[in-house]
Amino acid sequence: MIDVKLLQKNFDETAAALMRKKVDASVINELKIANETLKTAKLAYETLQAKQNELSRLFGQYKKEGKSTDELKIEVDANKATLNDLLDTQRSAEEALDAIIMRVPNIPDADVPDGEDENDNIELRKVLTPPTFTFTPKEHWELAEQNGWIDFERGVKLAKSRFSVVGGMGARLERALINFMLDFNRERGFEEYSVPMLVNRRALEGTGQLPKFEEDLFKVEEEELYLIPTAEVPLTNLFQDEIINGADLPIKMTGYTSCFRKEAGSGGRDVRGMIRQHQFHKVELVSITRADQSDAVFEEMVACASDLLAALGLPHRLVTLCTGDLGFGAARTVDLEVWLPGQNTYREISSVSNTRDFQARRAKIRYKEEGKNILAHTLNGSSLAVGRTMIAIMENFQQEDGTIVIPAVLQKYL
RNA sequence: GGACAGCUGGCCGAGUGGUCGAUGGCGCACGCCUGGAACGCGUGUGUAGGGCAACCUACCUAGAGUUCGAAUCUCUAGCUGUCCGCCA
């Protein structure tokens, strides 16, 4: 969540920054007004409450001294009704502000390029050269079925469309990739965690998936629990409502989880194959840092994901997202796009974001430095999406006969 | 799933209706002591919002209630513990 105080103090500048991220000017105005309304309501309530507290103290004193409390009681009772009204006013002002601010996205960093959509993203660099083929490379679904790695029909039988079953060597490769990625990340200083894949509402509000993106989440109705769309949610919220010793930062974490997304609104996109599934595996990186550390840690995380792809021999490129393509909570994002010869294009395989204090303010993640409590910075990134890595391996290392050469670094994990 | 017990500041723990934001201890910070340290002694030490100074408001798991007044009483929920049941 953005800093309302900043908006109040520095309205024009903050509003302009939000408008770069396609926030409507009217929403920003409503936000300002809602905040002012709340301040006024609070002041009115607290002033009267202070008086009421004083009268109550007197009441006790009078009783002790044996004085009559009749007059006091009349005044106190009268105040009480007003007080209740004022409290109601304050609460609805709070709710009104909350309803708006929880749906306002993060302010993009000043150096994030302006743009409408992914076409305006800016390529930073390419890593490794795409392979050349003496034959027409096949797409992954064809290779996956031919090798018996993925069974799309039976995934649908068990659940519904956009679910699949991985079997045989495919299943072993999947497990090998997960282990390889976790070990790789651990060597880079990211501590491994195994976390719940169902979380409560509070956690999802903390990282920004709720309340705005409820329709993207699978929910266990009777339990008020949601299946996580990414390990970013449990890993970041590990420190929800905590005050961390500044000397203990940065905290760098990695974890493997399944991820679940309804993919509402992705319509007919990527229906074929396993680019876009309701359930997929991902190894995630999450960092909690001091405000002055987040830029450096961001680069570490991007490097970690890129080097991981390079270690697997997968050509890819790094792209800075423009304002229009930036996610809800991100101040800046670098996407890693892996080369897919079958599709003859680069496709997203990782996304590394610095949310600065946006999530920390929602989740109350703070650190203590020189006796003061300061909102932490939180960062997250995939390293990597396992299914898409498998796709990339299939397409890049396919042979003319349809067999696939598995990267050497994975041999010891198989 | 059933029964009972409990949930207080970083931690332990006192507090059963009126200056209690909360005694005390541990921990931590600073100072004294010391060649240096331990010990000892002294001082300080929750979070958030508003004025941004004094001060005010809120918070003793959460929500609702009783009351002039609630950490203290009542109800509901959550969590933890113990026993029983169930499953492995």
Side-chain angles (χ1 to χ4, degrees), chain A residues 1-10 31-102 195-196 198-206 210-211 219-226 234 237-249 251 288 291 357-376:
Chain A
M1 141 171 109
I2 64 156
D3 186 358
V4 216
K5 276 195 217 164
L6 187 73
L7 179 78
Q8 205 71 54
K9 228 173 81 181
N10 219 336
L31 186 59
K32 183 171 186 271
I33 291 164
N35 185 47
E36 283 162 358
T37 306
L38 175 60
K39 270 173 93 168
T40 312
K42 261 193 160 162
L43 189 65
Y45 170 73
E46 287 178 3
T47 307
L48 188 60
Q49 181 65 53
K51 189 174 178 202
Q52 193 76 329
N53 287 344
E54 178 55 34
L55 291 177
S56 283
R57 271 190 285 269
L58 268 181
F59 199 100
Q61 199 183 315
Y62 282 17
K63 278 275 184 203
K64 214 179 274 175
E65 293 167 0
K67 285 199 218 166
S68 164
T69 54
D70 293 354
E71 268 180 58
L72 261 187
K73 177 120 170 70
I74 291 165
E75 190 175 356
V76 147
D77 283 348
N79 281 348
K80 204 173 178 183
T82 320
L83 214 45
N84 279 332
D85 290 346
L86 288 174
L87 186 59
D88 284 346
T89 310
Q90 187 195 310
R91 282 192 181 163
S92 37
E94 258 161 9
E95 276 169 31
L97 177 64
D98 235 46
I100 302 171
I101 199 166
M102 289 296 276
V195 289
L198 269 74
V199 296
N200 57 34
R201 200 177 166 87
R202 172 91 201 271
L204 287 153
E205 284 171 350
L210 287 179
K219 186 180 184 187
V220 183
E221 289 290 343
E222 327 74 65
E223 295 282 348
E224 274 291 314
L225 290 172
Y226 297 80
N237 279 288
L238 240 28
F239 295 93
Q240 172 201 102
D241 217 3
E242 294 192 17
I243 298 171
I244 306 160
N245 184 346
D248 295 340
L249 296 176
I251 292 167
I288 318 275
D357 61 11
F358 184 83
Q359 292 179 327
R361 185 171 289 108
R362 293 174 158 241
K364 294 199 177 72
I365 304 170
R366 290 161 295 178
Y367 63 96
K368 202 176 266 295
E369 196 173 62
E370 289 167 9
K372 287 171 76 176
N373 295 324
I374 304 168
L375 288 170

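Below, chains carry the letters A, B, ... as their sequence lines are ordered, and counting in each starts from 1.
The side chain of A/L43 sits closest to B/G50 out of B/A48, B/G49, B/G50. Here B/A48 is the nucleotide among B/C68, B/U57, B/A48 with the atom lying nearest to any side-chain atom of A/N373. Listed nucleotides B/G18, B/C56, B/G50 differ in distance to A/A50; the shortest reach to its side chain belongs to B/C56. Closest approach to the A/F59 side chain among B/C68, B/G49, B/U47 is made by B/C68 (side chain taken as heavy atoms from C-beta onward).
Closest-nucleotide positions on RNA chain B for A/L55 and A/R91 were compared, and the one nearer the 5' end corresponds to A/R91. Of the two residues near RNA chain B, A/K39 and A/K80, the one whose nearest nucleotide lies more 5' is A/K39.
With rounding to whole Å, A/Q61 atom CD is found 11 Å from B/G18 atom C1'. Between A/I365 atom CD1 and B/A48 atom P the separation is 14 Å, expressed in whole Å.
Within 4.0 Å of A/K368, counting heavy atoms only, lie sugar-phosphate atoms of the nucleic acid but no base atom. Among the heavy atoms of the strands, none lies under 4.0 Å from A/N79. Across all strands shown, A/K364 has no heavy atoms under 4.0 Å from either base or sugar-phosphate atoms.
You'll find a donor-acceptor pair under 3.5 Å spanning the side chain of A/E46 and the base of B/G49, going by distance alone.
A side-chain N or O of A/N53 and one of A/Q49 form a donor-acceptor pair less than 3.5 Å apart. A donor and an acceptor atom, one from each side chain of A/E36 and A/Q8, are located under 3.5 Å apart.
With a 6.0 Å radius and a threshold of 12 heavy atoms from other residues, nucleotides or ligands, A/E71 has its CD atom at or below the threshold.
A/R91 has no carboxylate O lying under 4.0 Å from a charged side-chain N of A/E95, or vice versa, which leaves the two without a salt bridge. Electrostatic pairing of A/E54 and A/K51 does not count as a salt bridge here, judged by no charged N lying under 4.0 Å from a carboxylate O.
At least one side-chain nitrogen or oxygen of A/K73 sits closer than 4.0 Å to the OP1 or OP2 atom of B/C68.
Searching all strands for a Watson-Crick or G-U wobble partner of B/G65 with both distances below 3.5 Å returns B/C73.
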